[in-house]
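Chain identifiers are assigned alphabetically (A, B, ...) following the order of the sequence lines, protein sequences preceding nucleic acid strands; residue numbering begins at 1 within each chain.
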Amino acid sequence: MSVFPIGTVMKLTDLTARQIRYYEEQDLIHPERNDGNRRMYSLNDIDVLLEIKDYLSDGINMAGIKRIYELKEVEKEKKMMEHTKVMTDDDVRRILHAEFLSVSGFSGNGPDQSMNPSRMI
DNA sequence: GTTCTGACA
DNA sequence: TGTCAGCA
């Protein structure tokens, strides 16, 4: 995913190396490191840097920008929880259906174990 | 030639 | 943030 050296990112974002490294210190971007300890930025990193530049031009300071991305991560965690909840409910539905078939005599092997929710975690 | 870390008139 | 030093 990470393919751009800092020099390319500088031209693409019109930011100085000093700024780019500083935003990394603020945990706004997380470039990988290659064998030579060189930072390699992903397309997503470029995207975030451009967003940061917009926020800055709108008069938002680093504290504010950091808050924005912190909230964004909280929302991301919430969505992950929602996703987990949906999967659990879906498993329950499938399990109940499997038990229904078993009790109804359509299956003599009991609930389908492939529907066991423990396999989804 | 390019990037890295650390430091500061 | 800019910039310079001293490495790799």
Enquirer: What is the distance, to the nearest angstrom, from the CD atom on A/Glu25 to the C1' atom on C/dT1?
Expert: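 For the pair A/Glu25 CD and C/dT1 C1', the rounded distance is 12 Å.
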Enquirer: Go nucleotide by nucleotide along DNA chain B from the 5' end; which of A/Arg18 and A/Thr8 gets its closest nucleotide reached first?
Expert: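 It is A/Thr8 whose nearest nucleotide is closer to the 5' end.
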Enquirer: Write down the distance between CE (A/Met10) and C1' (B/dT2), rounded to a whole number of angstrom.
Expert: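 Distance check: A/Met10 CE to B/dT2 C1' gives 10 Å.
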Enquirer: For a quick test of reading the model: is some side-chain N or O of A/Tyr41 closer than 4.0 Å to OP1 or OP2 of B/dT3?
Expert: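 No.
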Enquirer: To the nearest 0.5 Å, what is the distance between CD on A/Glu32 and OG on A/Ser42?
Expert: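 Spacing of CD (A/Glu32) from OG (A/Ser42) equals 7.5 Å.
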Enquirer: Round to a whole Å and report the spacing from NZ of A/Lys11 to P of B/dG1.
Expert: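 It works out to 13 Å between those atoms.
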Enquirer: Rounding to a whole Å, what distance do you find between A/Leu15:CG and C/dG2:C1'?
Expert: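 For the pair A/Leu15 CG and C/dG2 C1', the rounded distance is 14 Å.
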Enquirer: To the nearest angstrom, how far is A/Asn61 atom CG from C/dT1 atom P?
Expert: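 The distance from CG of A/Asn61 to P of C/dT1 comes to 11 Å, rounded to the nearest Å.
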Enquirer: Does A/Lys78 come within less than 4.0 Å of A/Glu75, counting only side-chain N to carboxylate O?
Expert: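 Looking at A/Lys78 and A/Glu75, the cut-off is met.
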Enquirer: What is the distance, to the nearest angstrom, from the CD atom on A/Glu24 to the C1' atom on B/dC4?
Expert: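 Going from CD in A/Glu24 over to C1' in B/dC4 covers 11 Å.
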Enquirer: If pairing requires Watson-Crick or G-U wobble contacts with both distances under 3.5 Å, which nucleotide is the partner of B/dA9?
Expert: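 Across any shown strand, B/dA9 pairs with none.
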Enquirer: What verdict does the salt bridge (charged side-chain N to carboxylate O under 4.0 Å, His left out) test give for A/Arg67 and A/Glu70, after you've listed the backbone C-alpha separation in whole Å, the side-chain angles of each residue and the deciding distance to 0.1 Å?
Expert: CA-CA 5 Å; A/Arg67 275 179 255 161; A/Glu70 285 173 9; over 6 Å; no
Enquirer: Report the distance from atom CE of A/Met62 to atom P of C/dT1, rounded to the nearest whole Å.
Expert: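 The distance from CE of A/Met62 to P of C/dT1 comes to 8 Å, rounded to the nearest Å.
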Enquirer: Looking at B/dT5, I'd like to know if its phosphate oxygens (OP1 or OP2) sit under 4.0 Å from a side-chain N or O belonging to A/Arg33.
Expert: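 Answer yes for this pair, as a side-chain N or O of A/Arg33 is under 4.0 Å from OP1 or OP2.
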Enquirer: So, A/Tyr69 and A/Gln26: side-chain donor and acceptor under 3.5 Å apart, yes or no?
Expert: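 Side chains of A/Tyr69 and A/Gln26: no pair found under 3.5 Å.
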Enquirer: Judged by modelled atom types alone, do A/Asp91 and A/Thr88 share a side-chain donor-acceptor pair under 3.5 Å?
Expert: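 Absent: no donor and acceptor within the cut-off.
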Enquirer: Using heavy atoms to find the nearest nucleotide of DNA chain C for A/Arg38 and A/Tyr23 separately, return the residue whose nucleotide is more 5′.
Expert: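 That would be A/Tyr23.
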Enquirer: Mind calculating the distance between CG (A/Asn37) and P (B/dG6) to the nearest angstrom?
Expert: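 For the pair A/Asn37 CG and B/dG6 P, the rounded distance is 11 Å.
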Enquirer: Closer than 4.0 Å, any side-chain N/O of A/Arg39 to the OP1 or OP2 of B/dT3?
Expert: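 For B/dT3, neither OP1 nor OP2 has a side-chain N or O of A/Arg39 closer than 4.0 Å.
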Enquirer: The side chain of A/Pro5 is closest to which nucleotide in this list: B/dT5, B/dT3, C/dG2?
Expert: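 So the side chain of A/Pro5 is nearest to B/dT3.
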Enquirer: Starting the side chain at C-beta, find the nucleotide from C/dT1, B/dT3, B/dC4 nearest to A/Leu56.
Expert: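 The closest nucleotide is C/dT1.
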Enquirer: For C/dA8, give the paired nucleotide (Watson-Crick: N1-N3 plus N6-O4 or O6-N4; G-U: N1-O2 and O6-N3; both under 3.5 Å), or none.
Expert: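 Paired with C/dA8, as far as the under-3.5 Å criterion goes, is B/dT2.
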Enquirer: Does A/Arg21 place a side-chain N or O at less than 4.0 Å from the phosphate oxygens OP1/OP2 of B/dC4?
Expert: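 Result: yes.
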Enquirer: Check every atom of C/dT1, C/dG2, B/dT3 against the side chain of A/Thr16 and return the nucleotide holding the closest atom.
Expert: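 Side chain of A/Thr16 sits closest to C/dG2.
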